[in-house]
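Encoded as structure tokens, the structure appears first; notes follow it.
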Amino acid sequence: MRRSHFRERRFVQKVCSLILTIVIASGISLWPTSEAQAAEGAGTTITSMGYFSAADGPVITKSGVGQASYGFVMPIFNGGSATWNEVVQDLGVKVKVNGSWVDIDSVGSFVYNQNWGHWSDSGFNGYWFTLSATTEIQLYSKANGVTLDYKLVFQNINKTTITAMSPTQGPEITAGTTGGAGFTYPVFNHDPGIPYAAVADDLRLYVKPVNSSEWIDIDNNAASGWIYDQNFGQFTDGGGGYWFNVKESINVKLASKTSSANVIYTITFNEPVRNSYILTPFDGTTFTANESGAIGLPLPKIDGSAPVADELGNFVYQIHINGQWVDLGNSGQSGFVYSANGYNNLSSANQWGYWADHIYGLWFQPIQEDMQLRIGYPVNGQAGGNVGDNFVYYTFVGNPDAPRPDENDHGDIPLGTPNDPAIEGMTLVWRDEFDGTRLDAGKWNYELGYYLNDDPGTWGWGNAELQHYTNSPQNVFVQDGKLNIRALNEPKSFPQDPSRYAQYSSGKINTKDHFSLKYGRVDFRAKLPVGNGIWPAFWMLPQDQAYGTWAASGEIDVMEARGRLPGTSSGAIHFGGQWPANTYLSGEYHFPAGQTIASDYHVYSVVWEEDNIKWYVDGKFFFKATRDQWYSSAAPNNPNAPFDQPFYLIMNLAIGGNFDGGVTPGPGDIPATLQVDYVRVYKDGGGQNPGEPGPGSPSTIVIGDEVKGLKKTGDNLLFYVNGATFADLHYKVNNGTQLNVAMTPTGNGNYTYAVNNLRHGDTVEYFFTYNPGQGALDTPWQTYIHGVTQGTSG
């Protein structure tokens, strides 16, 4: 469960919505500035540097088993008159090697974003390092030689096993209103001097509800519902410990793997008793936007006490627009976009979301104008129930000077015409104009059924959808130059769960193993159906799950629409860990007055580049995501992961499901038909013909056999082991620190691990530990030299 410093910094960006109450109250800007953004305003020369605090140099001591993570805040530049953003172009880093200062980029054992790099967190910036020996670091001015020295002292800890444990906090602990609770590590072996790192490999964590007798091992067991860094994790302050976010009273057990030693904690969650559901303000009803245009609003009390997590979904949020109260979640009317992962400082949209501290609340940003909001709660306490006059009314005082991200640099893109795909400066590399009389089986596959696999728990394609997919010409057909995907009232049951019926039939097709792309532009021209519970989608999934099962290997949604809200469509990316430890970013497009998803054919586009993805409708920009925002838990040191692999195309028409909160079709909403005029894929520049690999799609070289080895694509390596019960990779880059990693399962006993962004001449030494079923095996060391070692085309 230990996490590197770099992953912890990424985690800050991932869960920022949970701590907005503190940020908003203090006026601090939470959202980090990327190095590239900072460089745009850089240009100041460094004249002096001083340590930010006593904890940030000159000597920082850490201990760990084999290695430790270090971090310090950027120094004070020019006596405080300059920020890091202003001096970044003049700032360099050196490391002492054999008594001499050497630029860090020339030292082979230091690889940026692997064992050192920048971090940004809550308005602060700094450096992080992962080290296995005491190291001296120097920051210096490139212009005039001003320097500041750091000594990062490493103290190696010998591992030990646990013979006894006694609590340092608890063992009886009461959770707060939002379920937050925690405790420091126990004393190990009756010796307060033994740190957690010394016994970490011998410690196991179990959880169970207090009224259950079954302990659940929650380490790397996201299927249990316990997800590291989401509802439980570890903290480092005060010697460190565990934190939890609970919805019920639980027992937590820390147990030794090698002995009977254990300690049991009880975390009590006191659920409120509701006699009625009358709302009252928690703390005032008038809120003023701060300098960033942010407002933090505590949710109102229910029966005089703060709401708990299970009650959040029952609230009704409405905003006063043009003399009417409209649902905040209807972005086409409210003008607000829900942002699940905190404020997106790349989007100019009005945004809102939840925060949690000791209570729950809502955040809004940027509020530039005065407005009114009301929050209601059903008088029977049930979601969707009658609210009556059970509202609390709020007034927002806007800040007209609050900044709003400028999207003027995100220009529109030119389009081809229905009869001519040519676009100046672009090369068409693949297309389907649907000019024939049937679906082209050389380009598309059908996806069939109602279940993801034989597990009956995967009904509804994992999204509680109501349709089953077929290859029937009633559901998927080509006619008059258009692809038609039609949903019909056609109930059917399946062997996984014969008592469950999918109420509707529909169609889903993809290009897997026929066509995939890595970077480029995709255009879909289509007319979408409307109606309750109608969910058309154009999207992309990875050809190979290099970073693990969904969504660790990513998903790109070019277009999704709710037929209930025909004035809006959306685009998104999904990423992070394997479900359910995944997350997403999304943006919405609002059609001009008089237009809808069904009023005409519209072109839905995504432009996918190495460091960003942009979305368009009819060539008009509406959303952007960058690699500073996405990540893959399986590749924490690869800033491009998971969107650095080839993806294939998908089109489908779903019914119901979680995307629109389980809304189901009404009378007359089915049949519904999605009509697609064309799908076109472009690359910049050119020379390729449709169907040929385009720029950015290099060939793959295999170095190994059917069981184990690596695949080289461009400057990226994908190590693989097939047919095993587990697989570990051990490797070194340029004779640096040996890294030992658990490879990512991709299904059917297959495992992968990616090492990316190599340079010509880089040397990778590696071996595998894996179990083919008859016991664990260690392979011999192998050596790969990038740009030199040859393989076979794969």
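- For Asp523 and Arg680, the salt-bridge test fails: no basic side-chain N is under 4.0 Å from an acidic carboxylate O.
- Taken to the nearest 0.5 Å, the CD1 atom of Ile509 stands 3.5 Å off from the CE atom of Met651.
- Looking at Gln629, its side chain does come within 3.5 Å of a backbone N or O of Thr626 through a donor-acceptor pair.
- Under the 4.5 Å side-chain criterion, counting only non-hydrogen atoms from C-beta, Gln474 is not in contact with Ser505.
- Residues Arg564 and Asp660 are paired through a salt bridge, judged by an N-O separation under 4.0 Å between the basic side chain and the carboxylate.
- Cation-pi geometry between Lys482 and Phe477 is not met at under 6.0 angstrom from the ring centre and within 45 degrees of the axis.
- Relative orientation of the Phe591 and Tyr589 rings is perpendicular, given thresholds of 30° and 60° on the angle between their planes.
- Remark: side-chain polar atoms of Asn463 are not paired, donor with acceptor, to backbone N or O of Asn658 under 3.5 angstrom.
- A cation-pi geometry, defined here as NZ or CZ lying under 6.0 Å from the six-membered ring centre and within 45° of its normal, does not hold between Lys512 and Trp444.
- Side-chain atoms of Trp608 never come within 3.5 Å of backbone atoms of Gly520 as a donor-acceptor pair (strictly under, hydrogens ignored).
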Handout entry: Steps toward side chain to side chain donor-acceptor pair (under 3.5 Å) verdict (Gln230, Tyr228)
Key = CA-CA 5 Å; Gln230 288 195 15; Tyr228 196 92; over 6 Å; no
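- Just one residue in the list Tyr584, Phe575, Phe643 forms a ring pair (Phe, Tyr, Trp, His ring centres under 6.0 Å) with Trp630, and that residue is Phe643.
- Within the 4.5 Å cutoff, the side chain of Tyr547 has heavy atoms near those of the Asn638 side chain.
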Exercise for the section: Determine, stepwise, if the pair Val603 / Tyr616 fulfils side-chain contact (heavy atoms from CB on, under 4.5 Å). Expected result: CA-CA 8 Å; Val603 180; Tyr616 305 80; over 6 Å; no
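- Under the 30°/60° scheme for interplanar angles, the aromatic rings of Phe524 and Phe538 are found to lie parallel.
- Judged purely by distance below 3.5 Å, without hydrogens or angles, the side chains of Gln543 and Asp513 pair a donor atom with an acceptor atom.
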Exercise for the section: Would you check, one step at a time, whether the test side chain to side chain donor-acceptor pair (under 3.5 Å) holds for Arg404 with Asn350? Expected result: CA-CA 9 Å; Arg404 186 180 296 274; Asn350 289 332; 3.0 Å; yes
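- For the residue pair Asp618 and His602, a side-chain donor N or O sits within less than 3.5 Å of a side-chain acceptor on the partner.
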Practice task
List the steps and the verdict of side-chain contact (heavy atoms from CB on, under 4.5 Å) for Lys614 and Asn612.
Solution key: CA-CA 7 Å; Lys614 296 187 286 288; Asn612 74 89; 2.9 Å; yes
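- For Arg521 against Pro414, the heavy-atom pair with the smallest separation is NH2-O, 2.8 Å.
- Put simply, the side chain of Trp615 reaches to within 4.5 Å of the side chain of Ile573, judged on heavy atoms.
- Without hydrogens or angle criteria, Asn640 side chain to Asp644 main chain gives no donor-acceptor distance under 3.5 Å.
- With 3.5 Å as the limit, one finds a donor-acceptor pair spanning the side chains of Gln467 and Tyr469.
- Nearest heavy atoms, Gly411 versus Phe621: O-CB, 4.1 Å.
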Exercise for the section: Would you sort out whether Thr470 and Asn475 count as a side chain to side chain donor-acceptor pair (under 3.5 Å), showing the intermediate values? Expected result: CA-CA 7 Å; Thr470 83; Asn475 296 115; 2.7 Å; yes
Practice task
Would you check, one step at a time, whether the test ring pair (Phe, Tyr, Trp, His ring centres under 6.0 Å) holds for Phe396 with Phe364?
Solution key: CA-CA 10 Å; Phe396 288 173; Phe364 302 83; 5.0 Å; yes
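- For the pair Ile423/Leu415, no side-chain contact is recorded, criterion being any heavy-atom separation below 4.5 Å from C-beta on.
- Considering only heavy atoms from C-beta on, Thr673 stays 4.5 Å or farther from Ile485 through its side chain.
- No donor-acceptor pair under 3.5 Å is formed between the side chain of Thr744 and the backbone N or O of Ala634.
- The closest side-chain donor-acceptor pair between Glu311 and Asn314, if any, does not fall under 3.5 angstrom.
- Distance check, rounded to the nearest 0.5 Å: OH of Tyr678 to CG of Asp432 gives 13.0 Å.
- Atoms CD and CG, on Gln368 and Asn399 in that order, are 8.0 Å from each other to the nearest 0.5 Å.
- Taking the six-membered ring wherever Trp is involved, the centroid distance between the rings of Trp355 and Tyr360 does not fall below 6.0 Å.
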Exercise for the section: Apply the test side chain to side chain donor-acceptor pair (under 3.5 Å) to residues Asn510 and Tyr446: give CA-CA distance (whole Å), side-chain angles for both, the deciding distance (0.1 Å), then the verdict. Expected result: CA-CA 7 Å; Asn510 68 57; Tyr446 291 95; over 6 Å; no
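- Note that CG of Leu653 is 11.0 Å distant from CH2 of Trp535, once rounded to the nearest 0.5 Å.
- Side chain of Asp455 to backbone of Gly457: a donor-acceptor contact under 3.5 angstrom is found.
- Once rounded to the nearest 0.5 Å, the distance linking NE2 of His468 with CD of Glu465 reads 13.0 Å.
- Looking at Thr511 and Phe647, their side chains never come closer than 4.5 Å, going by heavy atoms from C-beta outward.
- Remark: side-chain polar atoms of Ser347 are paired, donor with acceptor, to backbone N or O of Ala349 under 3.5 angstrom.
- Cation-pi contact between Lys443 and Trp430: present, with separation from the ring centre below 6.0 Å and deviation from the ring axis of at most 45°.
- The two atoms that bring Asn245 and Thr178 nearest to each other are OD1-O, 2.6 Å, heavy atoms only.
- In this structure, a donor-acceptor pair under 3.5 Å is absent between the side chains of Thr568 and Glu588.
- Under the 3.5 Å distance criterion, the side-chain polar atoms of Ser331 are left unmatched by any main-chain donor or acceptor of Val337.
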Practice task
Please report the C-alpha distance between Tyr450 and Trp461 in whole Å, then the side-chain angles of each, then the deciding distance to 0.1 Å, and finally whether the ring pair (Phe, Tyr, Trp, His ring centres under 6.0 Å) criterion is met.
Solution key: CA-CA 6 Å; Tyr450 184 51; Trp461 296 91; 8.2 Å; no
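- The number of heavy atoms from other shown groups lying within 6.0 Å of CH2 (Trp550) is above 12.
- Looking only at distances, no side-chain donor or acceptor of Ser553 sits under 3.5 Å from a matching main-chain atom of Thr549.
- Contact record, Leu312 with Tyr317: O-OH, 4.0 Å, taken as the closest heavy-atom pair.
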Practice task
List the steps and the verdict of side-chain contact (heavy atoms from CB on, under 4.5 Å) for Trp352 and Leu328.
Solution key: CA-CA 9 Å; Trp352 72 282; Leu328 186 64; 3.4 Å; yes
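- Annotation: the span from Tyr394 atom OH to Ile295 atom CD1 amounts to 12.5 Å, rounded to 0.5 Å.
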Exercise for the section: List the steps, then state whether side-chain contact (heavy atoms from CB on, under 4.5 Å) holds for Arg374 with Phe391. Expected result: CA-CA 6 Å; Arg374 70 180 186 181; Phe391 285 97; 3.5 Å; yes
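- Listed for the Asn231 side chain is a donor-acceptor partner under 3.5 Å among the backbone atoms of Ile227.
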